[in-house]
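Since we're looking at a predicted model, the values are computed, not measured.
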Amino acid sequence: MIQFNNVSKVYNNNIFALSNVNVNIEKGEFVFLVGPSGAGKSTFIKILLKEVDVTSGNIIVNNTDITNLKRKSIPYYRRKIGVVFQDFRLIPTLNVYENVAFAMRVVEAPLKEIRKKVPVVLSLVGLANKYKAFPHELSGGEQQRISLARAIVNSPSILIADEPTGNLDPETSMDIMQTLNDISRAGTTVVMATHAKDIVDSMRKRVIAIEKGVIVRDEKRGAYGYED
């Protein structure tokens with residue numbers, strides 16, 4: 001599903017953000033990326049999203065080498081990836097239904113399909129009854145659920161979660177994690193960067209630890225392992 005083969009990324013300051021990284025993530029796996037701030041987690045995600053190019057090595061996603069993907073092909077590649085951020089990134093002038101539907105309109109999905117699928121994913125995240133509400137009328141946890149619904153509405157093969165529980169209380173965080181776990185069990189590959197020690201330790205999923213651009217641990221049922 002996802003392969004990083006001898007991947008390095010060096011920025012203009014000659015600092016290695018990633019150094020000779022080799023990773024193989026299978027379909028349906030749930031993987032935590034952990035490590036201190038500045039370790040290289042964000043670069044890992046940006047490379048996977050084709051926001052930055054690698055300095056050396058290559059990346060295979062869904063049996064396709066995306067290393068030198070042409071710029072015009074990148075938007076089509078990203079359609080196969082859902083992304084959930086810490087800060088939700090909902091459109092404030094659109095209601096819940098419209099925010100989720102927007103992701104389908106971007107990929108030019110038929111109106112009939114939008115009307116059918118949006119209610120389904122809203123039910124999946126437990127917010128079918130809030131479809132008319134606007135973001136400012138929702139709690140932080142509800143906003144993150146809408147962000148999650150938007151990320152999965154186009155049935156991505158990969159879901160990237162970048163600190164998705166960073167602004168949430170512990171109980172709400174665990175609810176979000178259960179939803180992510182359900183999505184993974186349904187066959188979507190989930191890659192989540194996080195500093196949430198309690199979540200990582202309780203879920204016992206695969207843990208890839210990065211320090212100074214180098215993978216220092218890759219454990220099938222790992223723990224967080226840091227104090228920050």
Handout entry: Donor + acceptor pair across side chains of Asn181, Lys205 (<3.5 Å)
Key = yes

Practice task
Please tell me if the side chains of Met104 and Asn154 come closer than 4.5 Å, counting only heavy atoms from C-beta onward.
Solution key: yes

Exercise for the section: Apply side chain to side chain contact (heavy atoms under 4.5 Å, CB included) to Lys41 and His195, showing your working. Expected result: CA-CA 11 Å; Lys41 302 186 301 297; His195 286 94; 3.6 Å; yes

Problem - ILVMFWY cluster, Leu18 and Val31 together (side-chain gap under 4.5 Å) - result: yes

Problem - Side chain Thr188, main chain Ser157, donor-acceptor under 3.5 Å - result: no

Handout entry: Validation row: Leu124, Val120 side chains within 4.5 angstrom (heavy atoms)
Key = no

Problem - CA sep, side-chain torsions, deciding dist, call: Asn6, Ser56, side-chain hydrogen bond (donor to acceptor under 3.5 Å, both in side chains) - result: CA-CA 7 Å; Asn6 300 312; Ser56 60; over 6 Å; no

Problem - Distance (rounded to the nearest 0.5 Å) between Asn5 CG and Asn58 CG - result: 4.5 Å

Exercise for the section: Let me know which of Val125, Thr189, Leu148 forms a side chain to side chain contact (heavy atoms under 4.5 Å, CB included) with Ile183. Expected result: Leu148

Problem - Ile59 and Val7, any side-chain heavy atoms less than 4.5 Å apart - result: yes

Exercise for the section: Would you sort out whether Asn62 and Met1 count as a side chain to side chain contact (heavy atoms under 4.5 Å, CB included), showing the intermediate values? Expected result: CA-CA 5 Å; Asn62 289 328; Met1 171 61 72; 2.8 Å; yes

Exercise for the section: Taking Arg217 for its side chain and Ala223 for its backbone only, find out whether a donor-acceptor pair lies under 3.5 Å. Expected result: yes

Handout entry: Close side-chain approach of Asp162 and Gln86, heavy atoms under 4.5 Å
Key = no

Practice task
Determine whether Ile158 and Ile152 fall in the same hydrophobic cluster, where Ile, Leu, Val, Met, Phe, Trp and Tyr are linked whenever their side-chain heavy atoms lie under 4.5 Å apart.
Solution key: no

Handout entry: Validation row, ring centre Phe4 to ring centre Phe44 under 6.0 Å
Key = yes

Fill in the blank from the handout: For Tyr224 and Gly35 the tightest heavy-atom approach is OH-O, 4.1 Å

Problem - Backbone of Phe88 reached by a side-chain donor or acceptor of Gln144 within 3.5 Å - result: no

Problem - Any donor-acceptor pair under 3.5 Å from Gln143 side chain to Leu90 backbone - result: no

Exercise for the section: Would you mind telling me which of Ile199, Asp198, Thr194 makes a side chain to side chain contact (heavy atoms under 4.5 Å, CB included) with Ser173? Expected result: Ile199

Exercise for the section: Indicate yes or no: at least one non-hydrogen side-chain atom of Val100 is less than 4.5 angstrom from one of Val121. Expected result: yes

Problem - Exceeds 12 heavy-atom contacts within 6.0 angstrom, atom CZ of Arg115 - result: no

Exercise for the section: Give the intermediate values and the outcome of side chain to side chain contact (heavy atoms under 4.5 Å, CB included) for residues Ile2 and Ile60. Expected result: CA-CA 6 Å; Ile2 301 172; Ile60 310 294; over 6 Å; no

Exercise for the section: Looking only at non-hydrogen atoms, find the nearest pair between Glu211 and Pro36 and report the distance. Expected result: CG-CD, 4.0 Å

Exercise for the section: Could you tell me the separation between the CD1 atom of Ile47 and the OG atom of Ser8, rounded to the nearest 0.5 Å? Expected result: 9.0 Å

Practice task
Verify the cluster assignment for Ile146 and Phe134: are they in a single hydrophobic cluster under the rule of side-chain heavy atoms below 4.5 Å apart?
Solution key: no

Problem - Any donor-acceptor pair under 3.5 Å from Glu29 side chain to Ser184 backbone - result: no

Exercise for the section: Taking all non-hydrogen atoms of both residues into account, name the closest pair between Lys50 and Ile66 and its distance. Expected result: NZ-O, 3.0 Å

Exercise for the section: Group every Ile, Leu, Val, Met, Phe, Trp and Tyr by side-chain heavy-atom contacts under 4.5 Å, then state whether Ile74 and Ile160 land in the same group. Expected result: yes

Practice task
Please step through side chain to side chain contact (heavy atoms under 4.5 Å, CB included) for the pair Ser202 and Met177, ending with a clear verdict.
Solution key: CA-CA 11 Å; Ser202 66; Met177 294 313 302; over 6 Å; no

Handout entry: Thr43 side-chain N/O to Ala17 backbone N/O, donor-acceptor pair under 3.5 Å
Key = no

Problem - Euclidean distance, Thr172 OG1 relative to Asp169 CG, rounded to 0.5 Å - result: 3.5 Å

Exercise for the section: Without swapping roles, check the side chain of Asn24 against the backbone of Gln3 for a donor-acceptor pair under 3.5 Å. Expected result: no

Handout entry: Whether Gln178 side chain and Asp175 backbone form a donor-acceptor pair below 3.5 Å
Key = no

Exercise for the section: Using a 4.5 Å cut-off on heavy atoms from C-beta on, say whether the side chain of Met192 contacts that of Pro164. Expected result: yes

Fill in the blank from the handout: Between Ile81 and Pro156 the two heavy atoms that sit nearest each other are C-CB, 3.8 Å

Handout entry: Test item: side-chain donor near acceptor, Thr67 and Asp65, under 3.5 Å
Key = yes

Practice task
To the nearest 0.5 Å, tell me how far Glu163 CD sits from Ser42 OG.
Solution key: 8.0 Å

Handout entry: Minimum heavy-atom distance between Ile114 and Ala109, given as atom pair plus value
Key = CD1-O, 3.7 Å

Problem - Close side-chain approach of Leu180 to Ile176, heavy-atom, < 4.5 Å - result: yes

Exercise for the section: Any chance you could measure Leu127, atom CG, to Leu138, atom CG, to the nearest 0.5 Å? Expected result: 7.0 Å

Exercise for the section: Could you check if a side-chain atom of Ile25 sits within less than 4.5 angstrom of a side-chain atom of Arg206, using non-hydrogen atoms only? Expected result: yes

Problem - Heavy atoms of other groups near Asn68 CG, more than 12 under 6.0 Å - result: no

Practice task
Would you indicate whether Tyr131, at its atom OH, is surrounded by more than 12 heavy atoms from other residues, nucleotides or ligands within a distance under 6.0 Å?
Solution key: no

Practice task
In plain terms, say whether Lys130 and Glu142 are close enough for a salt bridge, that is, a side-chain N and a carboxylate O under 4.0 Å apart.
Solution key: yes

Practice task
Flag yes if Phe16 and Ile215 sit in one hydrophobic cluster, no otherwise; membership is Ile, Leu, Val, Met, Phe, Trp, Tyr, and two members link when side-chain heavy atoms are under 4.5 Å apart.
Solution key: no

Exercise for the section: Cation-pi check, Arg105 to Phe102: give yes when NZ or CZ is under 6.0 Å from the six-membered ring centre and within 45° of the ring axis, no otherwise. Expected result: no

Exercise for the section: Run through Glu219, Arg204, Met203 and flag the one making a side chain to side chain contact (heavy atoms under 4.5 Å, CB included) with Phe32. Expected result: Met203

Practice task
Could you walk me through whether Asp53 and Lys9 pass salt bridge (charged side-chain N to carboxylate O under 4.0 Å, His left out), step by step?
Solution key: CA-CA 8 Å; Asp53 294 326; Lys9 174 60 182 179; over 6 Å; no

Problem - Greater than 12 external heavy atoms within 6.0 Å of Lys212's NZ - result: no

Problem - Side-chain donor/acceptor of Glu98 to backbone N/O of Asn95, under 3.5 Å - result: yes

Exercise for the section: Heavy atoms only: give me the nearest Val84-Ser147 pair and the separation to one decimal. Expected result: CG1-OG, 3.8 Å

